Amino acid sequence: MTSWQEEIKNSITTSKGLCRELDCNEPDIASVSNLYPVRISPYYLELIKKEGAPLFRQAVPDKREMDDPQGLIDPLGEENLSPVPNLVHKYPDRALLLVCSECAMYCRFCTRKRKVGKAEMAITDKTIAAGLDYLRATPAIREVLISGGDPLLLTDQRLEDILKRLKKIRTIEVIRIGTRVPCTLPMRVTPELAAMLKKYHPLYINTHFNHPAEITPQAAHACNLLADAGIPLGCQTVLLRGVNDSPEVIRDLMCRLLQIRVKPYYLFQADLTRGTGHFRTSINTGLLIMKSLIGSVSGMAVPTYALDAPGGKGKIPLTPDYITSLGDTLKFVNYQDLPCSYPNTVHGVQFKV
Ligand SMILES: *Cc1c(COP(=O)(O)O)cnc(C)c1O
Ligand code: SF4
């Protein structure tokens, strides 16, 4: 057994196990974990002990998960957008293929909370084959996002088998893997894994860090191995109340991601997922955080703040407003809120909105 498989084997998955290690109310945890699974690896447990609340809240069940009547079971309407089970086809030219129902950690705020880590998710050789058939039959799809669960919880061999079959589909130009493993189980990223992935370029990986305390030497090493294999790395952070909903924390996170060769890609407004209401922030909080980033840090550290619209209508970028008036002269404020302007008539044509 490899070290990452040992980590999974030694992970906490029960309320008893959890309350032996961390300060929590066992009956509360038990009632939540009956519905939504728990998994915390020894690696992440140590980080929680060292760093406290922002990491604790991401991993440890909260009884508020059971009381969220506003929440939607399938907030992005994924099941309706699945022509075959475990393949989501929302945009014309890209599709999401779910290849693994497990994760290294079950994040309490997960959008696929309804099924991740549960028997209902039922990913089998048959569902993967059906997904690949659909991709072969749909040449408009140029990019496949491999997700789950977490694809990097598959063995190298199983993952390679899927990549090999994808690679044979001529109409697929790019493969993208979504994984939280560099953050939650960095020892999973081995030189062997990186060498295998390297054969399937152009391959991109989007990972998922939510707090600067998650950027450990081990996480940096994992990202380094992937980047050295020529894999461009992005990050999809979720804006979470009590975890990272402040300009200082997000700024620190984004700058540290760049240092470990990860380009911030999206900052997501929390989805309306049932059982995650206590994590939600207002959109205004997100806009103020974006305002504090833009111009004051490297442009490369600035992600796109986006809302994944309920019902599967797609991602909507949310940007602070810099235009203050649209008369003969366009008026703006800059990143420091200083006024500036630009003529609204260029080559005799006036812009209208
Ligand atoms: C987010 C998402 C994508 C990818 O969107 P990008 O903006 O290209 O990152 C594709 N398919 C589904 C179903 C998605 O939810
Ligand atoms: S790693 Fe991703 S898919 Fe898995 S529980 Fe966390 S957010 Fe959900």
Side-chain angles (χ1 to χ4, degrees), residues 8 11 36-41 44 55 57-61 65 74-83 86-118 121 123 131 134-135 138 140-154 173-186 188 204-210 214 232 234-240 243 263-271 273 275-276 279 303-317:
I8 294 285
S11 290
Y36 302 118
V38 174
R39 180 180 278 164
I40 305 174
S41 66
Y44 204 87
L55 275 56
R57 291 178 182 138
Q58 294 187 62
V60 177
E65 290 175 46
D74 178 10
L76 307 180
E78 293 187 326
E79 304 302 338
N80 278 333
L81 292 168
S82 295
N86 298 316
L87 181 140
V88 186
H89 191 190
K90 171 153 81 178
Y91 296 107
D93 74 336
R94 49 217 193 275
L96 190 64
L97 179 65
L98 308 182
V99 300
C100 181
S101 62
E102 285 187 67
C103 296
M105 171 166 109
Y106 293 117
C107 310
R108 307 324 300 169
F109 51 84
C110 181
T111 294
R112 287 191 201 110
K113 211 173 163 71
R114 68 184 181 281
K115 62 179 188 178
V116 163
K118 299 198 201 193
M121 197 159 173
I123 290 169
Y134 180 83
L135 295 171
T138 318
I141 296 173
R142 286 126 95 56
E143 180 176 336
V144 176
L145 284 74
I146 306 178
S147 182
D150 199 313
L152 293 195
L153 278 222
L154 300 176
E173 298 167 6
V174 169
I175 299 172
R176 185 189 327 176
I177 295 178
T179 174
R180 215 187 161 188
V181 148
C183 172
T184 51
L185 192 72
R188 168 65 186 101
Y204 289 70
I205 290 184
N206 275 339
T207 183
H208 175 177
F209 287 85
N210 290 331
E214 294 173 334
C235 183
Q236 308 196 156
T237 298
V238 185
L239 186 59
L240 298 166
V243 173
K263 164 81 186 77
Y265 177 52
Y266 278 130
L267 173 65
F268 282 121
Q269 173 65 17
D271 292 326
T273 316
T276 68
F279 283 116
T304 299
Y305 178 40
L307 166 75
D308 218 334
K313 299 208 182 76
K315 293 176 182 71
I316 299 165

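Every number for a ligand or one of its atoms is a count from 1 in the order of the listing. Here the structure is a predicted model, which is why all the values come from computation and not from measurement.
Between Arg114 and Glu78 there is a salt bridge, with a side-chain nitrogen of the basic residue lying less than 4.0 Å from a carboxylate oxygen of the acidic one.
Of the protein's heavy atoms, Tyr91 CD1, 3.8 Å lies nearest to atom 11 (N) of ligand 1. In this structure, the protein non-hydrogen atom closest to atom 2 (C) of ligand 1 is Lys315 NZ, 2.4 Å. Scanning all protein heavy atoms for the shortest distance to atom 2 (Fe) of ligand 2 gives His208 ND1, 4.5 Å. Arg94 NE, 2.7 Å is the protein heavy atom nearest to atom 8 (O) of ligand 1. Atom 9 (O) of ligand 1 has as its closest protein heavy atom Tyr265 OH, 2.6 Å. Among all protein heavy atoms, the one lying closest to atom 7 (O) of ligand 1 is Tyr266 OH, 2.6 Å. Counting only heavy atoms of the protein, atom 12 (C) of ligand 1 lies nearest to Lys90 CE, 3.8 Å. Closest protein heavy atom to atom 1 (S) of ligand 2: Arg180 CB, 3.5 Å. The protein heavy-atom contact nearest to atom 4 (Fe) of ligand 2 is Cys103 SG, 2.3 Å.
Under 4.0 Å from ligand 1, not a single heavy atom of Leu81 appears. Of all the heavy atoms of Gln236, none lies under 4.0 Å from any atom of ligand 1, so neither backbone nor side chain is involved.
If you check each of Leu97, Asp308, Val88 against atom 13 (C) of ligand 1, the one with the closest non-hydrogen atom is Val88. Among Cys107, Ala104, Cys183, Cys100, the residue whose heavy atom lies nearest to atom 6 (Fe) of ligand 2 is Cys107.
There is no side-chain donor-acceptor pair under 3.5 Å between Asn206 and His208.
Ligand 2 lies out of reach of Lys113, whose nearest heavy atom is not under 4.0 Å from it. Ligand 1 does not have Glu143 within reach: every non-hydrogen atom of the residue lies 4.0 Å or more from it.
At distances below 3.5 Å, at least one donor-acceptor pair connects side-chain atoms of Glu214 with backbone N or O atoms of Asn210. A donor-acceptor distance shorter than 3.5 angstrom exists from the side chain of Arg112 to the backbone of Gly148, with no hydrogens or angles considered.
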